[in-house]
Every structure is written in structure tokens, then in C-alpha cells.
Amino acid sequence: MAAYNYVRDTDISAGQRDITSAINATTTLLPYQRQHSALFTGHQTLSSNLDFMVDATYNWRANRSGYADTVARPYQFAGSSSKQDTESFSVAPKFDLNISKDWRVSLQGLYSKDRSDFNSFLYANGAAYLQLPGYYKNETKLAELNAEGSLIKLPAGNVRIALGGGYRRVGLHGYGRQETPTSSLLSADYNRSLQSKYAYAELFVPIVAPALAVAAVSRLEATAAVRYEDYGSLGSLATPKLGLIYAPITDLTLRGTWGKSFKTPTLYQLYTGYRASLLSASMVGTTNAPSGSTVLLATGGNPSLKSEKATSWTVGAEFRPRWLPGFSIEGNYFDVQYRNRINTPGIALSNVLTNPLYADVITSNPAADLVSSLAAGSRTPLNNVSGLPFDPSKVIAFIDSRYLNVSRQDIHGVDIQLRYLTTLASGDRVLLTGSTAYLSSNQKLLARSTEKQLAGVLYNPPHWRARGGGSWSHGSLSTSLFVNYVGSVTDNSAAPFVKVRGMTTADGVARLAIPSNVPAIGGMTFGLAINNLLNAKPAIIRETDPRQPPYDSTNYSAIGRTISLSVSTQW
């Protein structure tokens with residue numbers, strides 16, 4: 001099978017939406033995009049027990065956007081613009097070998113590359129005074145061998161196991177420059193890779209099956225899994241996962257899982273390099289320091305980062321009553337506790353040396369050799385904004401504002417889904433569905449900082465989301481209507497905190513399939529889809545920066561109503 005897709009989206013600017021009339025009309029709300037993509041997948045039977053498969057993808061896309069600094073002037077006069085072109089491809093071959101009725105072995109590989117070229121322009125008085133060109137190149141190589149089959153037969157069924165292992169290598173080449181009409185400065189140039197070896201195993205054990213007719217137990221199944229990864233210089237670790245499914249009766253299923261997981265730092269976070277800046281003591285709120293005192297600040301990448309870790313567990317239930325065919329209700333509770341999350345400390349420079357919250361990221365009276373080494377290791381020449389000469393012996397503090405393993409997050413929530421499918425006496429089919437989810441998330445950025453709620457706060461996911469509706473099918477005609485709700489958030493950008501109302505939208509779809517025996521148009525399907533049927537708009541928020549749209553663009557969309565028509569045919 002082969003497929004090709006072409007997309008061209010014109011940009012949406014502030015001047016095209018009344019809710020953004022307070023900012024410059026040329027500011028981009030949704031960037032211009034052009035995209036070519038292709039997919040190929042093939043499957044060849046080589047023998048009675050050996051199959052070969054391959055998937056290949058190609059994608060190229062371009063984005064353009066601009067942001068004005070003032071309300072009165074377009075971004076080409078005072079502001080910034082950016083463009084990015086990205087090209088990627090991947091090839092994933094796989095061999096499947098059935099070595100017996102119950103056992104299958106597969107060997108698969110992956111090779112992928114992508115390159116993103118970008119350039120940002122900063123404008124003043126109608127001319128570009130700074131360009132920031134550069135690119136990122138990514139490469140991935142992977143080979144994996146795995147097997148799956150039955151170990152032993154129990155009264156409730158076969159004990160099954162899946163196991164395997166592999167090798168993965170990822171590489172990143174980053175390059176960037178800072179160019180003015182009179183100068184050119186290299187800001188980044190690194191080419192690093194990370195290799196890992198891994199192995200995993202998962203066991204499925206059926207303990208009780210319905211056919212055994214055990215009192216108070218219709219079904220009982222357990223799973224256990226472990227994964228081991230070795231990242232060389234970044235260390236190695238094993239992560240377990242356990243699961244249990246228990247059905248006291250046929251209509252009700254209970255389940256639970258517990259496990260640990262991890263995420264290694266990205267190559268960008270590790271190797272993009274950091275920038276060292278020299279500040280005067282007064283710039284960080286210190287007034288009693290000796291004359292000529294300075295402070296060294298580092299921002300950017302950090303090669304000493306460790307993996308993020310998490311412990312998660314879930315419990316859930318599903319009810320499918322036999323006395324109401326087609327109906328089901330399912331609910332789940334989840335809890336994820338993250339540790340050593342990679343983040344920047346979010347330092348407020350005005351009182352950084354006197355605020356005890358930042359004590360863990362400050363080195364007081366650093367040795368001169370350490371200061372010299374940090375300044376020399378900066379990816380760009382030392383950014384001296386202190387107004388004083390650089391003297392390592394005069395540096396009274398080192399502030400580490402690079403990527404650090406500092407953040408801790410606890411996330412938990414509930415999601416519920418309902419579904420009812422029925423066939424009417426007329427033969428029409430009706431499907432009703434509904435879902436809702438509640439999310440709570442707390443973050444402690446530094447060891448000494450207080451815990452803060454993220455969910456339900458501006459530019460973070462809201463506490464509540466919901467979607468409900470139904471579809472109706474009558475012969476070759478099908479229609480559906482769904483209502484979507486994205487909950488409210490709190491604007492805590494300034495006192496007093498205010499509530500930002502949520503957003504409710506409705507989407508409708510109608511499809512008509514023409515029978516194949518109809519002359520000329522037989523086999524064709526006509527579709528009409530309307531998203532955001534009532535043209536709902538996001539709520540206005542307090543925004544004093546003329547470059548930013550006055551709505552929460554993370555959670556709510558300013559695209560508005562969209563109408564699409566489609567025609568497809570088959571033969």
C-alpha cells in the first residue's frame with residue numbers, strides 16, 4: 001500500500017479574529033504550513049512460516065510565523081519572525097517466523113533521519129538587526145529480536161511469555177549562529193550520540209477462567225513485566241510492572257496495575273551547551289557585597305543530568321450488564337509520582353542570593369579555578385553585562401540555572417466512559433457515548449519550595465474535560481453530533497486571581513454512501529463535517545504584552561468554525 005498527502009494551511013493572524021483586536025494585526029495565531037508526506041507498507045510471504053514486512057515514511061513540512069512587539073507597527077517593523085523547514089524519513093523492516101503453533105520469533109530494525117533548518121529574524125525600525133540561523137539533525141538506528149509463546153498449560157489457559165532485547169543508537173547534531181549586519185558569532189555546534197542496550201520480559205498467567213465455575217470469581221488473570229536498559233555513561237536500571245484483572249461476575253471486571261518507569265535526558269538537554277553571564281552584585285539584589293563583586297550565571301544544557309523516574313498505579317472497573325446489551329460503563333483512577341524531573345529552577349534574579357528557596361542551586365564564594373572553568377566552558381564568549389572587568393576572584397556566587405534534576409510532580413485523576421449501542425426496530429443503529437476526565441497535578445520545583453497546583457491554572461491543562469454525543473445510521477446515511485467541553489482555568493498572573501471560563505464546542509458529521517449499482521456515482525461517498533458548529537471563541541484573559549494573544553492558546557483554539565466537504569470513491 002502506498003499513500004501520498006499534501007497539505008497547505010494559510011496562517012491565521014490576529015487581524016482575522018475580533019478577540020485579538022488589542023494586539024497587532026500581523027501577529028500570527030496559527031502559522032502558515034505546507035506539507036508533503038508519503039507512506040509505504042509492504043507484506044511478503046516468503047514461506048509457509050516466514051513473513052517479511054516493511055514500513056517506510058517520508059515527510060517534509062514548512063512553517064512561517066511572525067510576532068509584533070507593538071500594537072501600532074507590523075512585526076516586519078518592530079518584532080520577530082521565524083521559519084522552519086523539516087524533512088524526515090524512516091524505514092522499518094521486520095521478519096516474522098512461526099517456529100511452532102504457539103511460538104513466534106521476530107527480528108525488526110529501524111533507521112530514521114530528520115533535519116530541521118530554522119531561522120529567526122529580529123526587527124527594529126523596519127530592518128532586521130539580528131538573525132539566528134541553524135539546524136538540528138537527528139538519527140536513530142535500532143535492531144530488536146523478540147519472541148512470544150506459551151510456556152505451560154493451566155486449567156484456566158496457557159501461561160504466555162513475551163521476551164526480547166535490542167540495541168538503539170540516537171544522534172543529534174545541533175548548529176546555530178547569531179548574525180548581525182556587521183558580525184557573525186557561532187552560538188552552538190555539537191554532534192553527540194547515545195547508545196543503549198535493553199532487554200524485557202512479560203508474563204501472562206490465567207488463574208481462573210469462567211469455564212472453571214469458581215465461586216465469586218468469574219475471571220482472574222495476572223501479568224508481570226520487567227525492562228532493563230543500559231545507557232553506558234548515564235547508568236542502567238530495571239523497571240518492573242505488575243497487573244491484575246479480577247471479574248467477580250461476568251458483568252463486572254476490576255483491574256489494577258503498578259509499575260515504575262524512567263525517561264533519559266534528551267541529547268539537547270545534555271549537550272546543547274550552556275551560556276555563562278557575568279552580573280554585578282546589585283543586579284541580584286545584593287547591596288552589602290565588597291566593591292567590584294560580581295555573580296556568575298549559567299543557563300542552558302547540562303551534561304551531568306540523570307534520568308527522570310516515576311512510580312505509577314491505576315485501578316479501574318468496567319460494567320457490561322447482560323440485561324442491557326450494548327451498554328457499558330468504565331472508570332479508571334490513575335496516580336503518577338515523578339521524581340528528578342528535568343527543569344530549569346525558575347530563578348528570580350532580584351533576590352536570588354537572599355531567598356532561601358534557591359540555596360540548592362547557588363555556590364557561594366566559588367573557587368577561582370571553578371569560575372574560570374565555567375566561563376571557559378560557555379558555548380558563547382562570556383556575556384559580561386556587569387559593567388566590571390571579569391576577575392574570577394571577585395565572583396561571590398555561582399547561580400546554576402541550567403537544566404537540572406530539580407522538579408517533582410504528582411499527577412492523579414479519574415476518567416469515565418459510557419457507551420450504548422442499539423438497533424431499532426426499523427434497522428437503524430444508534431450509538432450514544434460520553435466521557436469525562438478530572439486531572440490534578442502538583443509540582444515542587446525546588447527542594448525548599450512549596451508545592452503548587454499546575455492543573456486548572458492558566459497555560460496548564462484544566463481540571464475537567466468532557467465529550468458526549470451520538471451517531472445515527474439509516475441505510476447508507478450516517479450522521480453524528482458531539483459536544484466537547486474544555487474546563488475553566490485560573491489566571492494567577494496577577495492579583496487578584498480570576499477564573500477564565502471554559503470552552504464548549506459542537507461538531508457534526510454527515511456521510512452518504514451511494515450504492516455501487518447507481519449509474520455514474522455508484523461507490524462514491526459524500527461527506528460534510530462542521531467543527532465548532534456554533535463558532536465558539538475562547539475567553540479573553542488579562543495580557544499586557546502586545547506580542548501575546550489575549551487568550552489561553554494552550555487549551556483553547558481561536559480557529560473558529562471550519563466546514564469541510566469530502567468525496568471518495570472505491571472500485
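Positions are given from 1 along the sequence.
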Does the plane of the ring in F52 sit parallel, tilted or perpendicular to the ring in F95? Use 30° and 60° as the thresholds.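 Geometry flag for F95 against F52: tilted rings.
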Indicate whether any N or O donor in one side chain lies under 3.5 Å from an N or O acceptor in the other, for [X] and [Y].
X: N484; Y: R467; answer: yes
X: T380; Y: S187; answer: no
X: E148; Y: N146; answer: no
X: R275; Y: S378; answer: no
X: S116; Y: T86; answer: yes
X: N5; Y: Q35; answer: no
X: T239; Y: S261; answer: no
X: K444; Y: S449; answer: no
X: S100; Y: D102; answer: no

Heavy-atom neighbours of [X] [atom1] exceed 12 at 6.0 Å:
X: R379; atom1: CZ; answer: yes
X: R168; atom1: CZ; answer: yes
X: K452; atom1: NZ; answer: no

As a quick check of understanding, evaluate side chain to side chain donor-acceptor pair (under 3.5 Å) for E229 and Y231, giving each step before the final call. CA-CA 6 Å; E229 298 247 5; Y231 283 91; 3.1 Å; yes
Given the rule in the side chain to side chain donor-acceptor pair (under 3.5 Å) test, do S65 and S82 qualify, once you have shown the distances and angles that lead to the verdict? CA-CA 6 Å; S65 57; S82 63; 3.0 Å; yes
Assert yes or no for the condition that the ring centre distance of [X] to [Y] is strictly below 6.0 Å.
X: Y175; Y: Y135; value: yes
X: F334; Y: W313; value: no
X: Y167; Y: Y198; value: no

Identify the heavy atoms of [X] and [Y] that sit nearest to each other, and give their distance.
X: Q417; Y: S435; value: CG-CB, 4.0 Å
X: S106; Y: L145; value: O-CD1, 3.4 Å
X: Q443; Y: N343; value: OE1-ND2, 4.0 Å
X: D11; Y: Y32; value: CB-N, 3.5 Å

ring-ring contact (aromatic ring centres under 6.0 Å, His included) between Y136 and F118: does it pass, once the steps are laid out? CA-CA 9 Å; Y136 293 113; F118 55 86; 5.3 Å; yes
Looking at Y6, Y4, W60, which hits side-chain hydrogen bond (donor to acceptor under 3.5 Å, both in side chains) with H36?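 Option passing the side-chain hydrogen bond (donor to acceptor under 3.5 Å, both in side chains) with H36: Y4.
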Kindly compute the distance separating CD1 (I399) from OG1 (T299), expressed to the nearest 0.5 Å.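 I399 CD1 to T299 OG1: 11.0 Å, rounded to 0.5 Å.
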What's the spacing between W103 CH2 and R160 CZ if we round to 0.5 Å?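 Going from the CH2 atom of W103 to the CZ atom of R160 covers 8.5 Å.
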Please report the C-alpha distance between N383 and S277 in whole Å, then the side-chain angles of each, then the deciding distance to 0.1 Å, and finally whether the side chain to side chain donor-acceptor pair (under 3.5 Å) criterion is met. CA-CA 4 Å; N383 179 34; S277 299; 3.3 Å; yes
Give a yes or no on whether a salt bridge exists between E308 and R341, defined as a side-chain N under 4.0 angstrom from a carboxylate O.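 Salt bridge between E308 and R341, a charged N being under 4.0 Å from a carboxylate O: yes.
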Using the side chain to side chain contact (heavy atoms under 4.5 Å, CB included) rule, take K306 and F262 through it: C-alpha gap first, then chi angles, then the decisive distance, then the call. CA-CA 10 Å; K306 303 300 181 183; F262 70 96; over 6 Å; no
